[in-house]
Each structure stands twice: as structure tokens, then as C-alpha cells.
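In what follows, a single structure is set out as C-alpha cells and then discussed.
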Amino acid sequence: MEFKRRNGGPVMGGASQPKRGRTGGDWEDSPSLFEEELCMFEEAEMEAEDREGQAGHDVIPVGDLFSADLNPRWRRPHAPSLDSDSDTLVFQQIDLDYYLGSAVAGMPGQLQGKVPIIRMFGVTDSGNSVCCHVHGFAPYFYVPAPNGFTSDHLGEFKRELNSVVLKDMRSNKDNISVTVLAVDITRKESMYGYHGRRNLDFLRITMAMPRLIAPAKRLLEQGFKFGPFPIQNYQSYEANIDFEIRFMVDTDVVGCCWIELPKGKYRVREERSVSLCQYEVDVGWTDLISHPAEGEWQRIAPLRVLSFDIECAGRKGIFPEADKDPVIQIASMVQRQGETEPFIRTVFTLQSCASIVGSQILCFTQEKQLLQSWAEFVRTVDPDIITGYNIQNFDFPYLLNRAAALKVTLFPYLGRVQGIKSVLRDMNFQSKQMGRRENKTINIEGRVQFDLLQVLLRDYKLRSYTLNAVSFHFLQEQKEDVQHSIITDLQNGNEQTRRRLAVYCLKDAYLPLRLLQKLMCVINYMEMARVTGVPLTYLLSRGQQIKVVSQLLRQAMKQDLVMPVVKTETGEDYTGATVIEPEKGYYSVPIATLDFSSLYPSIMMAHNLCYTTLLQKGSVEKLGLSPEDFIKTPTGDQFVKSSLRKGLLPEILENLLSARKRAKAELKKETDPFKKQVLDGRQLALKISANSVYGFTGAQVGKLPCLEISQSVTGFGRQMIERTKQLVESKYTIANGYQADAKVIYGDTDSVMVKLGVATVREAMDLGKEAAEWVSSHFVHPIKLEFEKVYYPYLLINKKRYAGLYFSSSADTHDKMDCKGIETVRRDNCPLVANLINTCLQSILIDRDPQGAVAHAKEVISDLLCNRIDISQLVITKELTRTAQEYAGKQAHVELAERTPSTCWRTTFPSTHSTTWSSSCPNRSRQRASCSVSLHTTHTHTHTHTLNEHQDCT
DNA sequence: AGGACCACCTAG
DNA sequence: TGAGCTAGGTGGTCCT
């Protein structure tokens, strides 16, 4: 039930070689490691290019920037001409949107007025870009047909609805004359609640464009009258589905899948092409073939990934403002997905700049020209994915604003569709999970914006999210050493100082690429898009729910089930999981841990919990069900058994979990490292997806909350953990011939920690496995209790706070020291505390020397009191102190410090909710706070030390 | 002193 | 108009 990688966690993809750090800080004398690296790129390429007779250019005078001779690599590979009569077009779709346009002759759909057209962007196996316009798909939704409705009434219904929708429009600037395209009768069943498997007549209402769905739905809900029928309120179904998702679900297209346009079924645009893509085609929506991501269709096209970074010359102490401060450098790196090195490394500079081996420098005397040329560079390189660090909220907005300030009119056309301007918008994204977050967004049609900062904020819990910290954490590598404050000075210096800045800027463009690769972001996100069926861009711009909705709709469609639109209202929270009261203390005996694997998904599968199986009040009587047809959950809710109807959610979960098993099996067999990465990304996506189904049903402000499901799930969970405790403690007893009476000393949600009374890890493992198997036999398939690990020794401080040496792979050596909930894993303490506690825990658990722990803590405190340490927030839990003392046999009559507020400055960033600690004041202009240290020692006196903003923190 | 409440962050 | 869930520890503030 863990969705976010804690503290970065172990980084997947094998260990990386830590780079040796740069020793001297003397920049001009010795080139940095990064420069050596750039140099190596150059050497490798020189060899290759010598054969082709292309000389490398270090510094290029601005002029023929875009001529093929000078920059042969900028353009995509040549695209052979395409003949739709004889060629099949196959491409991997990476972005999908829609627009309103005029009908194209020969394509299906409405002919007059503006029609919605789906647009897919993608790349072929040979690296050519594709823009595919898909015609004839229109948005629709459902309402139940009123009693007595027949096909004779369709015309009247349609006319009347059309008329009220038209009347409802405040302005009609698109001059829409027809809003309702069609109304059909179709047999469907609501997915909410079991009502005896009877399909009813539903009206499928097709609208002319997506934005007409909401008013039509509203008008029907508020009360709609037509023909002889009385005024009536219509409950609507599937009226809140994004148009893109609607299309993808109906055509079996998933995010990042391969699309095939059979020969003869599509048209190549010769004139009238609107995109910058190499191929631009039109196709009818029923003519495209979507390939499931299996076998050969798991591959990934050679996508172009552009990473960039900008530098601005800010004024002293003022954050750069786009209307005043110039953009002085833009570094860009372009890499093909799947390759290890960027094949374009370039930096656009304002004013001259000395050459950097391995990268191309383009110097400009006019900032306007720099910006304009960079935009042209982007259009020429035609990247599929644009990355960088905080590009979404800084670099892109700054560039757009700066270009506007300088009136570089051709700058903001960065997308793949000609004539569409990239504009900046403020978005207010908010979720319980991530809090309120102000975000800026810009539209870049056809290119996926993959801001690495946003990825890290979503997927990793880190202490700090600066590029420097993140690079160090994942790559053991850091940024080039340039202080922000000296950027302007470097720019105003000479070509050597600007060169130093350029190296810095290049590295900041390079690091995101390295991180993307190391963390396998592109692969993992693509796999998530494929597994859940949503476009790649949704994964970064939307929440968790849309992924479940997409899967739910796909499953529902097969059974003619439709999803109601529910009004969201928050009610009472429901009861969650049980946390077994811990028997706090230090255990110098092995503690076995048994876990239910995928507890909540397996509960939903085992008991067939779903919207479609829920028996609402009175249903049992109404449907005349007998007791063996349904179950009653611990919360008193009723669901029919799978013999009557198999639930959609259990089906989805089974598919996800069996697909995960397959992926893991394939992963084991696979030898190709690249395919391995894909498979690992897939199994991870499948696991996360399975776990988020439960959360979806409990999301009260959501697309389809169903607390009967979520509270039944947790209810079963509570019952199960209680039962598990009883079972274990009843069987593993001296009376039954075991060495000791087993005792469950702790448990949380889906796990129990058992003191089995055996002396060795080996015995605990063996007995643990046996116990897990035996307990499993008492539960319904596929619920399974598994032996996970042995803790030895184990320090149980409180609920959700413990530490122990973790034995799993071997009984002889521990895998790690596992700490849960303790200061060492929390980000709201300064590092000193985390380090101190960590050292103490190591002392206690590994060295088995609690006095050592106490001594160490004392020493640190004493250092603090004597100002020998510049940072100091000390928080040692009372429990840890007590436990350490207990273990030490009360011999150590030292009370550790209880709590000491800080002399270091804590900064919490509201945007990211992250906290950083520093010994210097982060913002001198703003703080009024004073900080104090107060320590209690056994010698009774209290030291209080207060610092305020006028004192130096060190 | 003790409790109600909040913010923050974690466990699962 | 879009947002997965609950349990619970710890430390802080404010009130009585």
C-alpha cells in the first residue's frame, strides 16, 4: 500500500559508479569532469564523422544556422515519400488531443460546421514524425429512456433537446446550428448496483462537440420535456468522460500504443498540411488499428528527447523578472530514447563565448535573435518529449514572457501545429495527496512536456528537490559550481567567464537527461500509460482517478454497462485499518513478519466487491435473492456472489495482477537490458494500478465513490488481521508441542509481527513460512498470507515507529537496517537529528551497545551546548531513550535530550511542502523568528540558547 | 497541567 | 469540475 518511493528508495537499474568528486575549486585551471565527459562525446563522434567527412564546429557564427550542411543532426532522418495505396503507416502514438476543425472531404462525420477531430502525434520505427487526424468520432453520453419511449419518439426528443441546448447558449460564436447529432436507443445497464442483470433502454445522445455535453446533461437533469412525455429529470451516464478518453476507450487505443493505418485506408496530406511533422495523414476513426502492447508492439520508437536550461542575468538579490532581465544562455541537449548519450549538445549564448569541446556554441549579439533562433531550433529538432528541471514553472514561462516583452513574435510557436501559439496559463491543481499547488501550464501541441521536477515531486519523497540534491542522490554527481549571485558577473566578464557559465548551463540541461535515464521515467510512464490506457500527458497533468476510470470504462463496455455521473458530496469518513497495539520494547529474539500480499485488491477479488455487485437497500427483497446468492460484509453491506455476476473491479484487478505475474516471469527470462527495463516498468505500473482501485472507490469527491465497497474492504481487512493474530497465537503454543507460546507483538493493516519464541533467524524463517501457509488456508482465494522477513533484533517504539535488522534473503546476514516512522526517515527534522538517531540505532541494533548510543548522543549534545556544531535540532524520542536505558539495564543514568528547537533555519516551501535545513538564513529580508536551543541534562540545569536574526547562525 | 486542535509526515 | 484512502505519532499553539 505504498505508492510513493520513500526517500528515493533503492534506485532501480543497477548500481552506478560513484564519480570521484572534483577536488579543487579552481575552475579556470582544470576542466571539470563534466567537461571531460563532453570531450569524450566529441571524440566518439569525430571517429564516426571522419568517415562521413563532416567536421565538427565549435563556435558557429550566426547565419546559416539551419542549413543541413552545418547542422546535419538537427533535422529528423529523411522521410521517404508515402503512398497510401501501397504503404501501411505504422507509428507509436505518444500524444493525443482533439481540436475543432472543418470536415475533410472523403472522411466520415458531419460535413458542415466545426467538427471535433482527434489528433494523434507519433513516431515511426525509422524516427519520422507523424501527425494523424482522426475523423468522424463524436462525443456522446447516455440517459435512461423514459417509460413508454419507442423509436418513434427519437426525432422529437432530438429536436427538442437540440432546441433547448441552442437556446441555452449565451453566445454562439461558432455559429452552431446543430448541437445534437443523433439520438439512438440502446440496451444498457447501470454499473452502479446489482439489479438482476436486466438491460434497459438507454438513449445514446451524440453531440456535435465535446463542450456541448455538459449543457445537454445539465438541461436533461434539471427537467426536460418533449412531445407527449411529462417533464422529467434524467440521470445522465458517462457525460463526464474526457473526449480523448472516450475515443481511446471506444477504439481500444491505449497511451503510447502502436497505431497501424492500413494501406488504402488513409490519406496523405499534400497541401493543407498544418503540422511540422514529416507525415501528416487523415483517417476515419474506424479504420485505424490499435495494437495491444504485447510482443513486438512493446517496443518504443526512437523518440527525440530535448532537455534544456536557461540562464538569466538577474539583478543583485532579485529573482529574475522576465520583463526586465535578459535571457543570456539556453543550453539544449537532444537524445534518442534508448540511447545513452545526447547527439545534440548546444548552447545559445548572448555575446561571445570561448569554445567548449564536445558542444556547439552559438553566439548572438541580440537577445531577440537568440530567442527567435532557439525557437527555430526547437521546431527543426522537432522533439517528441521536452524535459528539463522546473521548465514548467520557470524556464518556459520565462521564455514566453521574455519573448513577449521583446516582441519576438515568432517565438511562441513551439508545438507541432503551425499557427498555434503557445500560451501561458495558471492552473490550480489540488488534491488531498499533494495539497494545493499553483502551477503554470503552457500548450505545446504534439510534444510531451516531461518536467523532471514534477516527476520527482509525484513519484519520490525526497528531503530536497533541488537539481543539485537530486543529482547527488540518484547519480552521486553534482551541478557545476556556479553561485546564482555571480551569473550576471560572469555574463558581464569576458568570453572565458561566459564559457564557465555555458558549461554550467549545459550541465543543467544534461543532468535531467541522465536522471530521466537512471530513473527510467520515460519507460515507466509509457508502461503506466499502456496499462491504464490514458495518454502519457495525463499522467503528469492529472490525478490518480482518471487511470481507474479509463480501465473501468474499458471493462464496462464489454458488458454493456454504463457509468453514472454522480454528484459529489463529502460525508462521514469511514473506518480504516486496524493497528494492533504494540508491545513496545526491545526484542533480542527473532521476530517473524507475515504479510497479506496485495491485501485490498485480494479482498475485493475474494468477495467480488464491485459497483456491479452491490446490493442497495431493499434489493434483496425486490430481486427475491436467497441467502446463498450474496454475502454480507463486516460492515453490513451486501454484494452478490460471482455466480450471479462477476464484478468489474475484481476482473480489472485479476487482469492487472495476472499481467504483473506474467511481466515478472518474462522479466526473469529476459536477457536484453532494455526489454528488462520495460518489463520492470510494467510490473511496477501494474502493482500501483491495482492498489489505487480501492482508493478510487473511497474518494468521496470523485468520479464514482462507493463507500460500501471501501468500508467493506477495510472491514474485511480488520477482521482478517484479528483472525490472523488469533490463529497464530492459538496454534503455535507449548501445549501444541512448539518451543514457546507465540505472541503477536505488533501489526498494521496487513501484517503481523510474531515472536515465535525460537532462537535463530533460520528457525523463525521456517516457522514463519509454515505459519503463513497454514493461516492462508483459512482464507478465501486469492487471499494469501506470506512470510516476508525476520527482524532480529527488533526495537518497537510505538505504533508506526520501529526499527530492526531485516533478514529476508539469507538467515546469516541482514539485508539492511529497516527504520519505519522514526526521525531517520522523516523529512521534518534536520539532518543532524536523523544522523544522530541513525547512529544510535546502529549502536543498539548492530553493535548491541546501547551505552554506546547514549554516549554518542551525550557527545553530540555536549558539542551542541558548546557551540561546536552549527546546526542543532535534537529530537530524541522518549521511547527510544527509555528503551535504550531498559536495554542497558538502567546502568546508564543519563537522560537524553528531550527536545531542542533549532538554531538552524528551517524553510518550508509551500509549493512543494518540502523542508530544507540550512545553517544560514535562507531569506534575511523576511524572517523575524528567533530560534532557541534548550537542553535538559541529568545535571538538572537547563541551558537555553537563543539566536535571532541578528546573530550569525554559525 | 491537560486537552482540543492543527500541521506535517509517515505506515500501510 | 478536479482532486485515491484511513490511522496515527509528534510537536506546536491556544485555551481553560
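Just so we're on the same page: letters track the sequence lines, and every chain starts at 1.
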Not counting sequence neighbours, which residues clear salt bridge (charged side-chain N to carboxylate O under 4.0 Å, His left out) with A/Arg218? List them please. A/Asp168
Any idea which of C/dA3, B/dG12, C/dG4 is nearest the A/Tyr694 side chain? C/dG4
Please determine whether a side-chain nitrogen or oxygen atom of A/Asn798 lies at a distance below 4.0 Å from atom OP1 or OP2 of C/dT10. yes
Determine, for A/Arg554 against A/Glu651, whether the closest basic-nitrogen to carboxylate-oxygen distance falls under 4.0 angstrom. no
Are OP1 or OP2 of C/dG8 and a side-chain N or O of A/Arg801 less than 4.0 angstrom apart? no
Return the nearest nucleotide to the side chain of A/Arg826; candidates are B/dT10, C/dG4, B/dA11. B/dT10
Could you tell me whether A/Val701 contacts a base, only the sugar-phosphate backbone, or nothing, with contacts defined as non-hydrogen atoms closer than 4.0 Å? base
Among the candidates C/dG8, C/dC5, C/dG4, find the nucleotide nearest to the side-chain atoms of A/Gln545. C/dG4
Hey, does the side chain of A/Arg542 come within less than 4.0 Å of C/dA3's phosphate (OP1/OP2), counting only N and O? yes
Measuring to OP1 and OP2 of C/dG8, would you say a side-chain N or O of A/Lys799 lies under 4.0 angstrom away? yes
Look at all strands and tell whether A/Tyr802 reaches a base, only sugar-phosphate, or nothing, counting heavy atoms closer than 4.0 Å. sugar-phosphate
Starting at NZ of A/Lys547 and ending at P of C/dG2, how long is that distance when rounded to a whole Å? 17 Å
Output the rounded distance in Å from OH (A/Tyr574) to P (C/dC5). 8 Å
When A/Phe639, A/Phe779, A/Phe716 are each screened for ring pair (Phe, Tyr, Trp, His ring centres under 6.0 Å) with A/His607, the one that passes is A/Phe716
Between C/dG4 (P) and A/Lys687 (NZ): distance, integer Å: 19 Å
Can a side chain N or O of A/Lys800 be found less than 4.0 Å away from OP1 or OP2 on C/dA7? no
Going by the salt bridge (charged side-chain N to carboxylate O under 4.0 Å, His left out) test, which pairs reach into residues 691-719 of chain A, not counting sequence neighbours? none
Whole-Å C1' distance, C/dG4 and B/dG12: 14 Å
Between A/Ser751 and A/Gly747, is there a donor-acceptor pair closer than 3.5 Å when you use the side chain of the first and the backbone of the second? no
Rounded to the Å, how far apart are A/Asp242 CG and C/dG2 P? 7 Å
Give the rounded distance in Å between these two atoms: CD of A/Gln711 and C1' of C/dC5. 13 Å
For A/Lys703 and C/dT1, give me the distance from atom NZ to atom P, rounded to whole Å. 12 Å
